[in-house]
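Working notes, beginning with the structure itself.
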Amino acid sequence: MTEPEESGSKIKYRAGCRRDKNSGAQFELFDENDRTNEKIDAAKEIISREGLTLHYLKSSGEASAAVEELMKGKFPLGLDIETAKLNEFRDHKQAGLEPHLSCIRLIQLYGGGEKVYVFDMFALNVKILFPIWDKPLVAHNAVFDVKHLLHAGAKPHQIGCTMLMANALTGKLFSLADLGREHLGWRMSKTQQISDWDSPTLTQDQLEYAALDSVAVYKMFRILMDQIAKNKLIQVYTLMRDAQLAIAKMELNGIYFDLNGHQRLMATWHQAKKRSAEELLQVLGPHVNPDSSKQISSWLQTNLDKEALNEWPMTKTGQLKTDRSTLARGPHHPLTTPLQKYKDAAKMLSTFGTGYAEHINPVTGRIHAYFRLGGTATGRLSCSGPNIQNPPRDKQFRKLFSAPAGRILVVADYGQIELRVAALISGDESMLEAYANGEDLHRKTAAAIAGVPLKEVTPEQRQAAKAVNFGLLYGQGPKGLARYAKTNYGVDMSEREAVEAREAFFQTYSGLKRWQQETARKAESSKSVVTLGGRVRDFSREARGYQYTEALNTPIQGGAAEVLLATLPKLDKYLEGLDAKLVNVVHDEIVLEVAKRDAPRTKQAVEKAMIEGMLAMFPNASTVGLVEAKAGANWAEVK
DNA sequence: GGCAGCCGCGCG
DNA sequence: AAAGCGCGCGGCTGCC
């Protein structure tokens with residue numbers, strides 16, 4: 001049998017290539033070694049080597065007996081599922097991964113010993129497995145399995161995940177096959193991953209392949225848990241594990257998106273793009289593609305005068321930079337306005353246009369994005385397919401995320417959570433005092449920089465202080481601060497002023513300064529940093545190695561991420577009995593869609609969960625002004 | 001035609 | 001001494 005998936009030099013998949021999810025990451029996975037010529041074992045060989053027997057169950061009598069046997073097994077049971085596309089969506093790229101477009105074909109379970117069970121869910125009802133769902137289970141990329149099980153009417157209450165365990169240990173997301181190779185010495189075949197799971201009859205190869213994954217997760221759980229305990233990673237793993245159910249439900253819920261409004265908006269973008277393209281043509285001529293930074297750079301090279309070119313910033317490959325802040329700086333040029341207008345419209349159309357709306361699910365009419373636990377170096381979630389963590393703040397766009405008839409959005413966010421976390425982990429008394437008294441830290445910083453009393457701080461001074469707070473928190477230098485203040489806050493700050501602002505900042509927040517020095521010192525010598533929840537970021541595993549600014553950022557961003565993770569299971573619990581759905585999570589913000597009558601109680605529930613999430617990580621935190629929840633017809637209205 | 005790196009840009 | 005961080009996505013470009 002040929003093995004096309006193994007013939008390439010990189011074991012790397014694009015979305016939609018496969019029908020199960022044991023690659024782990026849906027889009028791309030880490031692959032440390034090139035295994036071009038490595039031998040692969042058929043599942044049959046491993047099964048026989050391990051002394052296992054496969055039991056394929058197609059009748060409810062056999063299945064009940066098997067469930068009874070499994071209930072005597074060792075917990076957590078190893079679990080895996082295979083899914084089949086629904087007929088109507090045979091041609092849909094993602095159908096096999098998406099619960100609304102597919103169904104569970106097989107459920108594989110292993111509880112130690114000789115027998116591994118494969119339940120054929122074309123022949124059986126999921127209810128027959130009901131005692132199992134209350135028991136501890138483990139799967140690889142368990143959120144995937146949980147989503148399908150929930151959709152099929154089963155609710156697994158306690159489920160571990162080998163992918164998240166490995167993430168706690170390494171910071172990365174590995175496929176099951178990679179973990180199997182590393183921890184079991186198994187060279188697992190992937191041939192059957194793309195096979196036809198829709199067929200009424202499955203081959204022995206398919207059944208063996210399916211069965212083996214449940215054995216792999218069972219065995220690996222024990223090995224990984226041992227390592228997690230030894231390395232004091234229980235907390236970071238548990239934070240992720242306990243967030244799984246809320247994430248699975250959120251992905252299954254999806255978020256409502258106003259397709260008609262989106263199409264009207266796209267028409268305005270098209271117009272804007274067309275108009276600015278015509279203006280650009282007058283400046284650039286017909287041979288420059290405005291979508292090409294390289295071509296714009298060449299054009300600038302030949303059309304700019306010497307003085308301008310002398311101080312024009314370059315990219316790392318020696319191109320003249322053409323980004324917004326570079327174009328906006330210095331004396332005005334006839335190119336800048338039309339080019340920026342063009343870029344703005346082009347960005348909307350490319351990233352937030354047709355392709356975005358194509359993610360609307362044909363069954364639910366909603367967007368079901370993928371939220372990846374452990375998807376970032378700091379412990380934040382990442383989101384894709386589409387990324388609904390970065391929709392433009394423009395009201396016209398944000399309001400497309402709305403509530404269907406009879407419903408309303410409840411949106412809650414943490415106020416300045418990273419600054420709060422910085423105050424708490426550094427123990428800086430001045431910052432802590434400000435938060436304890438419900439003071440505005442930006443104002444406090446502004447007063448310190450300007451050397452005036454709090455009451456005399458002007459709005460401009462406060463705006464500048466925001467840049468100072470967010471920049472200096474992560475080790476920004478004077479030059480960077482001046483640039484950052486201009487670009488992100490519209491504040492003109494000379495380098496001299498930036499130096500003075502830094503001095504005033506660190507004099508006021510001397511505890512933070514000490515923490516930064518100490519954190520950087522430890523991180524540099526150990527080549528790693530650790531968050532409060534115990535997530536280790538190992539710089540020696542990263543291409544860039546130790547980086548001062550990353551070392552300072554990680555415990556703060558990571559600490560805030562852990563607060564959110566701690567919040568999610570609490571939120572799920574407090575939403576019980578309410579007609580409320582979690583539909584989006586954006587780092588420090590939670591979006592829910594609720595029946596109108598449940599809005600007040602949902603606001604209370606989310607505020608309670610968020611405050612308790614903060615206190616779970618930081619028991620001494622001030623909760624004054626920590627959380628704000630609002631209700632409105634759409635996402636724009638609530639901001 | 002596929003892929004990877006670069007650039008730029010949307011968000012927190 | 002100096003150093004903002006974290007993502008995902010799309011277009012272009014050069015390479016295979």
Side-chain angles (χ1 to χ4, degrees), chain A residues 8-10 12 14-15 26-28 288-297 313-327 339-340 343-356 359 369-372 375-394 397-398 413-419 422 467-485 487-488 498-499 502 516 520 524 529 537 544 546-558 560-561 564 584-590 635 639:
Chain A
S9 62
K10 289 272 154 55
K12 196 165 197 183
R14 304 294 301 175
Q26 195 169 332
F27 287 78
E28 196 176 315
V288 180
N289 177 356
D291 290 320
S292 165
S293 59
K294 191 179 175 188
Q295 291 181 36
I296 299 282
S297 167
M314 309 275 258
T315 69
K316 65 174 176 182
T317 53
Q319 239 176 260
L320 299 177
K321 283 174 73 76
T322 63
D323 63 292
R324 173 180 270 109
S325 66
T326 301
L327 292 170
L339 180 56
Q340 199 52 58
K343 285 180 164 208
D344 289 345
K347 173 72 179 177
M348 289 302 119
L349 279 168
S350 61
T351 305
F352 303 105
T354 315
Y356 205 79
H359 286 101
Y370 172 52
F371 290 82
R372 197 180 302 182
T376 69
T378 56
R380 276 187 176 180
L381 302 176
S382 67
C383 177
S384 60
N387 182 359
I388 54 171
Q389 292 184 322
N390 73 342
R393 274 177 293 191
D394 168 48
F397 191 86
R398 282 280 168 122
D413 68 336
Y414 285 110
Q416 301 179 2
I417 183 134
E418 291 198 1
L419 283 169
V468 174
N469 281 337
F470 290 126
L472 300 193
L473 202 51
Y474 306 125
Q476 199 163 46
K479 215 180 297 177
L481 175 57
R483 199 177 343 106
Y484 173 70
T487 312
N488 298 68
V499 169
R502 286 180 96 238
Q516 287 191 344
E524 193 171 3
V529 279
R537 180 169 181 180
R544 292 185 303 270
Y546 163 79
Q547 296 292 326
Y548 172 79
T549 50
E550 293 170 9
L552 296 189
N553 174 266
T554 300
I556 297 171
Q557 188 182 116
L564 188 79
N584 200 1
V585 166
V586 194
H587 310 307
D588 64 353
E589 181 176 5
I590 289 174
W635 203 1
K639 273 275 136 179

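Each chain gets a letter, A, B and so on, in the order the sequences are listed, and its residues count up from 1.
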Looking at every strand, decide which applies to [X] at a 4.0 Å heavy-atom threshold: base, sugar-phosphate, or nothing.
| X | result |
| --- | --- |
| A:Gly475 | base |
| A:Arg537 | sugar-phosphate |
| A:Glu550 | sugar-phosphate |
| A:Asn289 | sugar-phosphate |
| A:Thr322 | sugar-phosphate |
| A:Gln547 | nothing |

message = Aromatic contact between A:Phe397 and A:Tyr356, with the criterion being ring centroids under 6.0 Å apart: yes or no?
response =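 Here the rings of A:Tyr356 and A:Phe397 have centres that are less than 6.0 Å from each other.
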Tabulate protein N/O versus nucleotide N/O from nucleotides 14-16 of chain C, keeping only pairs under 3.5 Å, one per line.
unit_1: C:dG14; atom_1: OP1; unit_2: A:Lys294; atom_2: NZ; d: 2.7

Over how many whole Å does the gap from [X] atom [atom1] to [N] atom [atom2] extend?
| X | N | atom1 | atom2 | answer |
| --- | --- | --- | --- | --- |
| A:Arg544 | C:dC5 | CZ | C1' | 10 Å |
| A:Asn553 | B:dG12 | CG | C1' | 11 Å |
| A:Glu418 | B:dC11 | CD | P | 17 Å |
| A:Ile296 | C:dG11 | CD1 | P | 16 Å |

query = Do the side-chain N or O atoms of A:Ser382 get closer than 4.0 angstrom to the phosphate oxygens (OP1, OP2) of C:dG8?
reply =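 The answer is yes; a side-chain N or O of A:Ser382 sits under 4.0 Å from OP1 or OP2.
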message = With a cut-off of less than 4.0 Å, is there a side-chain N or O of A:Arg380 near OP1 or OP2 of C:dG6?
response =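 Indeed not, no polar side-chain atom of A:Arg380 lies that close.
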key: Donor-acceptor pair present, A:Asp323 side chain and B:dG8 base, under 3.5 Å   =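 Counting by modelled atom types and ignoring angles, no donor-acceptor contact under 3.5 Å is found here.
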Presence of donor-acceptor pair under 3.5 Å, side chain of A:Gln389 and base of B:dC11 =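 Flag unset: no donor-acceptor pair detected.
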Selected nucleotide, minimal atom distance to A:Asp291 side chain, candidates B:dG10, C:dA3, C:dG11 =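 The closest nucleotide is C:dG11.
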inquiry  = Could you measure the distance from the CD atom of A:Gln295 to the OG1 atom of A:Thr322? Nearest 0.5 Å is fine.
reply    =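 A:Gln295 atom CD to A:Thr322 atom OG1 measures 11.5 Å (nearest 0.5 Å).
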inquiry  = I need the residues from residues 346-353 of chain A with at least one non-hydrogen atom less than 4.0 Å from DNA chain B; give them sorted by number, or say none.
reply    =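 Here the set is A:Lys347, A:Met348, A:Phe352.
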request  = Any pair with a residue in residues 549-558 of chain A that passes salt bridge (Lys or Arg N to Asp or Glu O under 4.0 Å), sequence neighbours left out, goes on the list, sorted by first then second residue, please.
outcome  =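 Residue pairs passing salt bridge (Lys or Arg N to Asp or Glu O under 4.0 Å), neighbours aside: A:Arg537-A:Glu550, A:Arg544-A:Glu550.
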